[in-house]
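To start, the structure itself, in structure tokens.
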Amino acid sequence: MTILVTGGTGYIGSHTVLALLEAGKDVVVLDNLSNSSEESLRRVEELTGKKVAFHAVDLTDAEGLDALFAAHDFSSVIHFAGLKAVGESSAIPLEYYYRNVAGTINLLRAMDAHDVRSIVFSSSATVYGEHNPVPYIEKMEIGASNPYGRTKEQIEDILSDLAASDERWSVALLRYFNPVGAHPSGRIGEDPQGIPNNLVPFIAQVAVGRREKLMVFGGDYETPDGTCLRDYIHVVDLAEGHLAALNHIEPRAGVFRWNLGSGRGSSVLEVLRSFERAVGHELPYEIVARRQGDLPAFWADASSALADLGWSTTKSLDEMCEDHWRWQKNNPNGYTA
Ligand code: WQD
């Protein structure tokens with residue numbers, strides 16, 4: 001039986017494809033390559049010695065999806081494909097709703113038509129919004145505060161309603177916190193197009209000389225060092241979390257929600273210092289104005305994933321930065337030669 005991974009050429013997708021192959025699963029990848037490179041799959045094949053079938057299909061292409069499902073005997077789907085920049089989503093919300101929500105509806109319709117009703121969905125901590133106390137717990141009322149987060153929330157609702165209407169569905173909603181790091185080989189990693197929105201890929205580009213200095217967005221928050229706290233998680237731990245969730249839902253119907261995080265917060269300056277240890281010298285930075293929409297501090301209550309899946313993070317912040325740096329140092333321009 002084969003697993004379809006949508007968005008499988010991306011950062012988290014490619015690491016998850018590698019984990020699935022290493023677990024002996026057969027994998028097919030669907031991606032429109034709008035924000036990733038097929039080279040990541042070539043590297044995954046090199047690392048595992050296994051082949052991965054790739055199809056450049058867009059989720060808005062219902063006919064292409066139907067043909068793909070007709071050509072394969074999928075047992076389940078891990079669904080990453082979608083747009084994911086918070087700031088951008090406020091500028092082009094319709095594109096986000098079209099690609100993320102309408103695209104997922106197309107995917108679910110193709111799954112149902114071909115009797116594939118097991119899905120692991122890439123959700124996000126951003127669905128918890130600004131009103132919830134920290135640490136975030138899965139049973140909390142969600143309410144995202146930006147269009148990107150609302151697409152994730154709406155897809156969670158669609159999947160919940162679908163499972164409630166038809167008990168043949170098995171659904172895992174995985175709420176990621178802040179994925180960073182790279183496979184320890186340094187052969188696959190995060191390759192953001194344009195100026196990185198996120199902290200660690202930006203620091204990595206400063207370290208490799210592509211950016212002048214890190215701008216720290218705010219040093220006057222009510223936190224120990226004045227900078228924001230986040231729950232950083234190694235992308236390899238995150239990939240293993242997907243495998244654990246998939247194994248858990250395959251024999252079980254219904255909807256399951258899990259935070260995938262470490263359960264502790266690290267500050268921007270702590271992350272910078274950790275990356276400096278990986279690089280072996282200080283990196284230039286400047287504390288500037290706060291970024292619109294940033295919350296001072298949030299992290300996961302990760303106890304449900306441990307209790308239900310036996311999964312927890314295993315890698316430290318220093319390991320995240322060491323692995324991220326090895327990827328960036330060996331691939332200064334990402335997958336672009
Ligand atoms: C982390 C901290 C910034 C860049 C976002 C999305 C979330 C998820 C993960 C998709 C913040 C600070 C950042 C920089 C900085 N993505 N920072 N200088 O905002 O916690 O979460 O990415 O699911 O949905 O919201 O991550 O890495 O952007 O920021 O000081 O150049 O680093 O202010 O405090 P964030 P981030």
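Along the sequence shown, residues are numbered consecutively beginning with 1. All ligand and atom numbering here is 1-based and tracks the order in the structure.
- Residue contacts with ligand 1, taken as heavy atom pairs separated by less than 4.0 Å, involve Thr126 solely via side-chain atoms from C-beta onward.
- Residues Arg43 and Glu39 are paired through a salt bridge, judged by an N-O separation under 4.0 Å between the basic side chain and the carboxylate.
- When each atom of ligand 1 is checked for a heavy atom of Val216 under 4.0 Å away, the hits are 30 (O).
- If you number the atoms of ligand 1 from 1 as listed, the ones under 4.0 Å from a heavy atom of Cys228 come out as 34 (O).
- Every residue two or more places apart in sequence or in another chain was checked for a side chain to side chain donor-acceptor pair (under 3.5 Å) with Tyr148, and none qualifies.
- Considering backbone and side-chain atoms alike, Phe298 places every N or O at 3.5 Å or more from each N or O of ligand 1.
- Applying the ring pair (Phe, Tyr, Trp, His ring centres under 6.0 Å) rule to His248 yields the partners Phe256, Trp258; only residues at least two apart in sequence or on another chain are considered.
- Those atoms of ligand 1 with a heavy atom of Tyr148 less than 4.0 angstrom away are 10 (C), 23 (O), 24 (O).
- In summary, the side chains of Arg257 and Ser160 do present a donor paired with an acceptor at a separation below 3.5 Å, with no hydrogens or angles considered.
- Residue Trp325 is grouped with residue Leu317 when hydrophobic side chains (ILVMFWY) are merged at heavy-atom distances under 4.5 angstrom, including chains of intermediate members.
- Cation-pi geometry between Arg175 and Tyr128 is met: the NZ or CZ atom falls under 6.0 Å from the ring centre, inside 45° of the normal.
- With salt bridges taken as basic N to acidic carboxylate O contacts below 4.0 Å, none links Asp66 and Arg109.
- Among Ser124, Gly87, Pro179, the residue whose heavy atom lies closest to atom 24 (O) of ligand 1 is Ser124.
- With respect to the salt-bridge test (charged N to carboxylate O, under 4.0 angstrom), the residues Arg42 and Glu45 qualify.
- Ligand 1 places these atoms under 4.0 Å from at least one heavy atom of Asn197: 4 (C), 28 (O).
- Contact annotation: for Val86 versus ligand 1, heavy atoms closer than 4.0 Å belong to the side chain alone.
- Of the options Arg175, Arg291, Arg230, the smallest heavy-atom separation from atom 19 (O) of ligand 1 is shown by Arg291.
- Among the atoms of Met215, some N or O lies under 3.5 angstrom from an N or O of ligand 1.
- In this structure, atom 26 (O) of ligand 1 lies nearest to the protein heavy atom Asn178 ND2, 3.1 Å.
- The shortest heavy-atom distance from Tyr232 to ligand 1 is under 4.0 Å.
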